[in-house]
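This report refers to the structure that appears directly beneath it.
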Amino acid sequence: MIEALTQAHAAVVGVQVRAAEGARSADTLGRERAGSGVVIGPDGLVLTIGYLMLEADNIQLVTQDGRTVPARPVAYDLATGFGLLRPVLPLRGVRPVPLGSVDGLKQGDALMAAIGGTEGDVAMTHLVNTRPFSGYWEYHIESAVFTSPPIGNHSGAPLFNQRGELLGIGSLFVGDALGDGRRLPGNMFVPVDLLKPILAELQQNGTTRASRRPWLGVSSTEQGGRVQVVRIAPDSPAQAAGLEPGDVLLAIDGTRIDSLETFYKRLWQHANPDDEVQLTVLQGSTIRQFTIKAVDRMTVIRKPGGI
């Protein structure tokens, strides 16, 4: 086990990114970003979390022996949140890790999370839950991995089982790793089970067909069956339509909104990313109807050279 985990840790790299001037994502993610990735391909292909490399114009990989190697973006998948990078120069002596699966994991299983770069580290953590996850930024996956205790720089951090197989990529710090409103600090990881069916498509096309879907530009919270807007992205369809922070989303296309999951899944049923969407909204004390022309999110973000 020690040998397997040591080898897995050796494949972890630091990821340093500078976003392009004028990048939309800089408002929420900043221009300078740092996290981790892990080598999964014999050609040095690196898997990380996609928001690190979103709209990047400069990407550097940092190996554990302190070498800095420039990298190019290969793919960004909006649907899962994964990102792929490839070093411009070979990563000498780094072997790719095998992809595992979260199937068969049990609550309480001991796992290893790793952080890359010159100050990289490893930490033992435990599986506390696997369940669907809806993010405030128009994001949903059917299965996410939740661990505790949390690690610090979780962005892109790989999660391994005791055989040194890659299980997931770090995305978030959460306060409710157990779910059902129970408080326990931890991390959410995107499982590599979601990567396996799309890996070839990502390398060939730079994204997936599932990522071509309507986007409104609302960030929302969910509590007790109530979905409320907390932020409107600048120059987004939601802003153009007149939605405001504080609005409560009541229905979409006539379907009652009682959760983020319901909201997103009904939105993504539209066949075309630029379809018109009907929203019923409580704005102040008034119920209003909005017709919003959605857009394909992938068309409004800067694509780094390579994708």
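None of the values given here were measured: they were computed from a predicted structure.
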Handout entry: Residues Ser25, Arg33; criterion side-chain hydrogen bond (donor to acceptor under 3.5 Å, both in side chains); working and verdict
Key = CA-CA 11 Å; Ser25 58; Arg33 307 167 195 166; 2.9 Å; yes
Practice task
Would you check if the side chain of Asn161 reaches a backbone N or O of Gly164 as a donor-acceptor pair within less than 3.5 Å?
Solution key: yes
Handout entry: Backbone N/O of Ile301 and side chain of Glu55: donor-acceptor pair under 3.5 Å
Key = no
Handout entry: Side-chain heavy-atom pair Leu159, Thr147 within 4.5 angstrom cut-off
Key = yes
Exercise for the section: To the nearest 0.5 Å, tell me how far His154 NE2 sits from Ile49 CD1. Expected result: 9.0 Å
Handout entry: Any side-chain heavy-atom pair of Glu244 and Val229 under 4.5 Å
Key = no
Exercise for the section: Please check if the side chain of Arg182 supplies one atom and the backbone of Leu178 the other of a donor-acceptor pair under 3.5 Å. Expected result: yes
Problem - Pro273 side chain reached by Val295 side chain, heavy atoms, under 4.5 Å - result: no
Problem - Residues that, via side-chain heavy atoms closer than 4.5 angstrom, fall in one hydrophobic cluster with Leu282 - result: Val248, Leu250, Ile287
Exercise for the section: In plain terms, say whether Arg183 and Asp176 are close enough for a salt bridge, that is, a side-chain N and a carboxylate O under 4.0 Å apart. Expected result: no
Exercise for the section: Please examine the side chains of Gln228 and Asp247, heavy atoms only from C-beta on, and report whether any two atoms are closer than 4.5 Å. Expected result: no
Handout entry: Over 12 foreign heavy atoms within 6.0 Å of OH, Tyr136
Key = no
Handout entry: Interatomic spacing from CG in Leu267 to CH2 in Trp215 - rounded to 0.5 Å
Key = 11.5 Å
Exercise for the section: For the pair Gln7 (side chain) and Glu3 (backbone), establish whether a donor and an acceptor sit closer than 3.5 Å, ignoring hydrogens and angles. Expected result: no
Practice task
In sequence, state the C-alpha distance, the side-chain angles, and the governing distance for Thr291 and Glu276, and then conclude on side-chain hydrogen bond (donor to acceptor under 3.5 Å, both in side chains).
Solution key: CA-CA 6 Å; Thr291 299; Glu276 288 189 343; 5.5 Å; no
Exercise for the section: Output yes when Arg86 and Asp43 qualify as a salt bridge under the 4.0 Å nitrogen-oxygen rule, no when they do not. Expected result: yes
Practice task
Salt-bridge test for Lys265 and Glu142: reply yes if a basic N is under 4.0 Å from a carboxylate O, no otherwise.
Solution key: yes
Practice task
Could you tell me whether the side chain of Lys293 and the main chain of Asp274 form a donor-acceptor pair under 3.5 Å?
Solution key: yes
Handout entry: Ionic contact status for Glu222 with Arg226, cut-off 4.0 Å
Key = no
Exercise for the section: With rounding to the nearest 0.5 Å, note down the distance linking OG1 in Thr255 to CZ in Arg266. Expected result: 5.0 Å
Problem - Distance-minimising heavy-atom pair for Ala19 and Gly30 - result: CB-O, 4.4 Å
Practice task
Measure from the side-chain N and O atoms of Tyr264 to the backbone N and O of Gly135, and report whether any donor-acceptor pair falls under 3.5 Å.
Solution key: yes
Problem - side-chain hydrogen bond (donor to acceptor under 3.5 Å, both in side chains) between Asp253 and Gln278, worked out - result: CA-CA 5 Å; Asp253 297 327; Gln278 306 296 321; 5.6 Å; no
Problem - Residue pair Ser220 / Leu249, side-chain heavy-atom distance below 4.5 Å - result: yes
Exercise for the section: Measure up the Tyr139 and Trp137 rings against each other and bin them: parallel (under 30°), tilted (30 to 60°), perpendicular (over 60°). Expected result: parallel
Exercise for the section: Calculate, to the nearest 0.5 Å, the distance between atoms OG1 and CZ belonging to Thr208 and Arg213 respectively. Expected result: 8.0 Å
Problem - Min side-chain heavy-atom separation Pro132-His140 under 4.5 Å - result: yes
Exercise for the section: Could you tell me the separation between the CZ atom of Phe290 and the CD1 atom of Ile252, rounded to the nearest 0.5 Å? Expected result: 13.5 Å
Practice task
Calculate, to the nearest 0.5 Å, the distance between atoms CD and CG belonging to Gln269 and Asp275 respectively.
Solution key: 11.5 Å
Handout entry: pair Thr125-Asn187: side-chain heavy atoms closer than 4.5 Å
Key = no
Problem - Leu127 backbone acceptor or donor facing Lys106 side chain under 3.5 Å - result: no
Handout entry: side-chain hydrogen bond (donor to acceptor under 3.5 Å, both in side chains) between Tyr51 and Ser155, worked out
Key = CA-CA 9 Å; Tyr51 63 72; Ser155 299; 2.9 Å; yes
Exercise for the section: Give the minimum heavy-atom separation between Pro214 and His270, together with the two atoms involved. Expected result: CG-CB, 3.8 Å
Exercise for the section: Search all heavy atoms of Leu167 against all heavy atoms of Phe160 and return the closest pair with its distance. Expected result: CD1-C, 4.0 Å
Handout entry: Smallest separation among heavy atoms of Val13 and Val38, with atom names
Key = CG2-N, 4.5 Å
Practice task
Heavy atoms only: give me the nearest Pro158-Ile169 pair and the separation to one decimal.
Solution key: CA-CD1, 4.1 Å
Exercise for the section: Answer with yes or no whether the side chains of Thr207 and Asn205 bring together a donor and an acceptor at under 3.5 Å. Expected result: no
Practice task
Using a strict 4.0 Å threshold on nitrogen-to-oxygen distance, state whether Arg209 and Glu201 make a salt bridge.
Solution key: no
Handout entry: Side-chain donor/acceptor of Glu138 to backbone N/O of Val218, under 3.5 Å
Key = yes
Handout entry: Ile115-Met188 co-clustered via ILVMFWY side chain contacts under 4.5 Å
Key = no
Problem - Polar side-chain atom of Gln64 near backbone of Val12 as donor-acceptor pair, under 3.5 Å - result: yes
Problem - Ala79 to Ser211 - nearest heavy-atom pair and separation - result: N-OG, 3.1 Å
